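The structure appears below as structure tokens.
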Amino acid sequence: MIGETLELTVVGVDDIAPSLRHVRLAAADGGQLPPASAGANIQLRLQGEARTWRNAYSLISQPGRRDVYEIIVRRVPESRGGSAFVHEVLKPGDRLVASWPSNLFAPQRTARHHLMIAGGIGITPFLSYVADFAHNGASHALHVCCRESETATFAPWLQDCGDLNYYWDADGHRLDIPALLAQQPAGTHLYVCGPAALNDQVIQAAADAGWPASHVHCEHFGAALSGGTPFTAFLSRSGIEVEVGESESLLEAIERIGASAPCLCRGGACGVCVTGVLEGEPEHRDHYLGADEREGGQLIMPCVSRARSARLVLDL
Amino acid sequence: MSLVFKPEETFRGDYTYRNSDAAILRFPFPFPEDRYMYSVNIEPHVRSGPTDVFHRPFDIDEHYVAECRDRALTLEQDPGRCQALPHMMTAQWDTLELLMENMAADYPEQFSLTKEGDVFGSRWTWINRPLGIEQSFIFGDPDTLPCEPFEYITRQAQGDFAICDQREDNLYLDAGMVTSQADWSLAFNVGMNFMEWHGPVPLAHQAGVFERALKYLLMLRLGQPVRRLNWTMSINPRLDTSPESYPEWGPDRASVTVENAGGKVHLRVELQTLWRLPRSNAILFPIRCFLISVEELARVPKWGKRLHRVLSSLPPELVEYKGLTRYLPATLAWLAPLDDGAELATGIGPDITELAPL
């Protein structure tokens with residue numbers, strides 16, 4: 001089991017809600033896919049006519065399944081184009097290149113109880129968690145904040161979830177986070193994945209309730225990370241200048257001109273793409289660098305971060 | 001590759017273990033330069049390398065049958081050499097799958113694996129011809145194997161295995177099959193995190209080697225295993241040099257003389273690989289041990305000379321940490337006449353394809 005990229009074929013697309021598309025992918029050569037763990041994601045290379053997107057999606061298939069990878073893609077109105085491509089262009093028979101699965105949000109195997117809070121499309125990593133916990137007999141509960149109309153959408157993946165609760169924006173149906181956290185047994189691990197506001201509320205509520213940070217886990221997803229004002233990046237080692245457009249990331253601009261840059265999560269979480277800044281002021285959008293490193297202004301994560309200054313000189 | 005096993009070899013008692021000429025030439029000699037210093041020295045574990053030992057993810061060699069028997073003897077005396085904490089069951093199955101798939105793919109004459117279905121709950125059949133084993137079992141159901149899956153497969157593999165759970169931005173040594181270790185104890189280390197189990201290593205902490213290595217390993221990717229070589233020395237070709245069995249092997253260190261050093265002193269090289277496991281997200285750490293007597297090693301002129309130079313320039317802290325103090329002078333005296341001071345090419349390959357006859 002050695003390799004970096006996978007050739008995949010789209011074997012199924014179906015719309016499970018007006019803005020949600022379920023995509024099934026198999027190995028293009030008909031062989032077995034690498035197994036993946038609960039919470040893993042793959043990065044898809046989506047080849048549009050004018051540009052290429054590289055988007056990471058959580059695998060919602062049963063962990064370890066090797067015949068097919070499944071993802072659910074929400075079409076976001078403010079999308080940079082990747083999710084629109086999946087919704088409008090992708091069809092059965094299409095070939096895609098993907099990374100091998102990686103996991104920056106794996107369940108904690110020592111937990112006595114797993115408490116999951118999902119917001120919207122942030123439910124996707126938990127669909128594979130639930131299958132894993134059911135198989136292993138692990139105690140778990142899932143709390144889903146979503147549109148009222150979508151409460152049935154994910155049911156096919158949640159048949160094994162014993163303790164399943166839905167919430168939506170209406171009186172009497174909102175999730176009371178502090179109350180939920182207050183009634184958890186010791187040894188519980190808390191996982192949250194949703195929009196930044198929900199993530200922040202849950203993390204804050206856990207801290208306020210005295211939860212140890214080691215028991216609180218969060219996965220961010222990309223919505224808040226889309227573009228901004230264009231700027232110029234100068235790669236000092238290769239002597240190349242590149243214009244970073246308003247709808248592409250610094251990393252994508254670097255890749256567009258053919259320079260290779262190490263990266264993994266493409267979501268500002270893993271730290272693999274950390275790059276030195278020689279001149280200019282970064283606008284940090286990552287979840288990785290510490291406060292001191294941000295203030296120091298000498299490091300940047302090009303997968304999500306941009307520039308406040310018109311020009312950024314990178315040690316790359 | 002055709003493999004001829006040496007099932008009668010022993011790693012204790014009369015110590016009949018020897019390396020064939022081919023085994024000497026493929027030995028993973030660990031010193032690319034004339035001086036040794038700690039470094040992370042990690043590289044991708046790809047199907048290539050300076051000798052054939054590096055060419056397969058899990059190497060099987062002429063000592064396979066004898067090493068499996070030695071492991072069984074050690075486990076009989078001390079079952080605690082194999083342990084797995086309860087939360088490591090998925091990682092146990094991961095390990096079984098990784099080893100069975102690779103062994104069957106790389107050594108089809110020796111091993112075969114057939115599967116009906118491909119997720120938990122499917123029926124697998126494993127055939128290990130060198131050890132005369134045929135086993136059908138349900139993947140994911142430990143009750144269908146004679147022992148837990150990690151013990152089952154690592155009893156049929158060369159080298160030690162540790163599995164590290166990843167949590168709290170650290171790695172925890174939460175499972176292990178350890179019967180050929182260089183003087184460390186699984187029973188003592190199990191449950192420790194990366195910094196705790198590296199605590200006793202001198203010199204490298206100050207250099208920040210472990211912080212960098214840990215940060216790197218936390219990002220280890222599925223499908224992209226890495227490897228490094230580590231080394232120490234042992235008296236006699238003994239696999240089990242655990243603290244638990246120290247009374248059996250410790251006194252041998254006093255038996256080395258200039259006359260017998262070539263045959264008694266062995267270079268002990270660990271080909272360590274690191275794998276992200278797919279279902280559990282844990283990290284598998286196989287530690288394959290290769291033993292070679294100084295005499296056998298010196299049949300490759302480059303290696304004999306380089307070993308002399310490396311050993312004579314080791315920092316005293318390392319000499320002590322690796323337990324060489326007592327017999328290093330005799331070993332150097334044995335090697336010194338072979339070292340003419342000629343400049344040696346960098347790299348670890350033997351730079352010859354045949355050994356001079358004995």
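Fair warning: this is a prediction, and the values are worked out from it, not measured in the lab. Just so it is clear: chains get the letters A, B, ... in the order the sequence lines come, proteins before strands, and each one is counted from 1.
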Query - chain B contact via A/Ala38 - which portion, at a heavy-atom distance below 4.5 Å - result: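 Interface part for A/Ala38: backbone (N, CA, C, O).
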
**Report entry** Contacting region of A/Asn103 [heavy-atom separation from chain B under 4.5 Å]
**Finding:**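 Looking at A/Asn103, backbone and side chain both touch chain B.
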
Quick check: closest heavy atoms across [X] and [Y], and the distance to 0.1 Å?
X	Y	value
B/Ser280	A/Ser37	N-CB, 4.3 Å
A/Pro35	B/Leu222	O-CD2, 3.4 Å
A/Gly64	B/Val119	O-CG1, 3.8 Å
A/Gly3	B/Gln224	O-CG, 3.8 Å

Report task. Go through B/Arg276, B/Arg167, B/Glu168 and name the one with the most non-hydrogen pairs under 4.5 angstrom from chain A. Result ->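 Ranked by contacts with chain A, first place is B/Arg167.
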
Query raised in the report: Picking from B/Gly121, B/Ala91, B/Pro278, B/Pro44, which has the most non-hydrogen pairs under 4.5 angstrom with chain A?
Result: B/Pro278

May I ask you to test the [X]-[Y] pair for a side-chain heavy-atom distance under 4.5 Å?
X	Y	answer
B/Asn281	A/Phe105	no
A/Arg109	B/Met88	no
B/Lys115	A/Gln32	yes

Contact origin within [X] toward chain A - heavy atom pairs under 4.5 Å:
X	answer
B/Glu101	side chain
B/Trp93	neither
B/Arg221	side chain

Query raised in the report: Do you know which of A/Pro63, A/Pro101, A/Gly39, A/Ala106 has the most heavy-atom pairs under 4.5 Å to chain B?
Result: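 The answer is A/Pro101.
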
Report summary line: Note: vs chain B, highest number of non-hydrogen pairs under 4.5 angstrom among A/Gln108, A/His135, A/Arg65 is A/His135

Tell me whether [X] at atom [atom1] has more than 12 heavy atoms from other residues, nucleotides or ligands lying less than 6.0 Å away.
X	atom1	result
B/Asp169	CG	no
A/Arg112	CZ	no
B/Gln135	CD	yes

Query raised in the report: Could you state the interatomic distance from OG1 (A/Thr110) to CG (B/Asp165), rounded to the nearest 0.5 Å?
Result: 6.5 Å

Query raised in the report: Can you tell me how far CE of B/Met219 sits from OG of A/Ser102, rounded to the nearest 0.5 angstrom?
Result: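 So the OG of A/Ser102 and the CE of B/Met219 are separated by 7.5 Å.
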
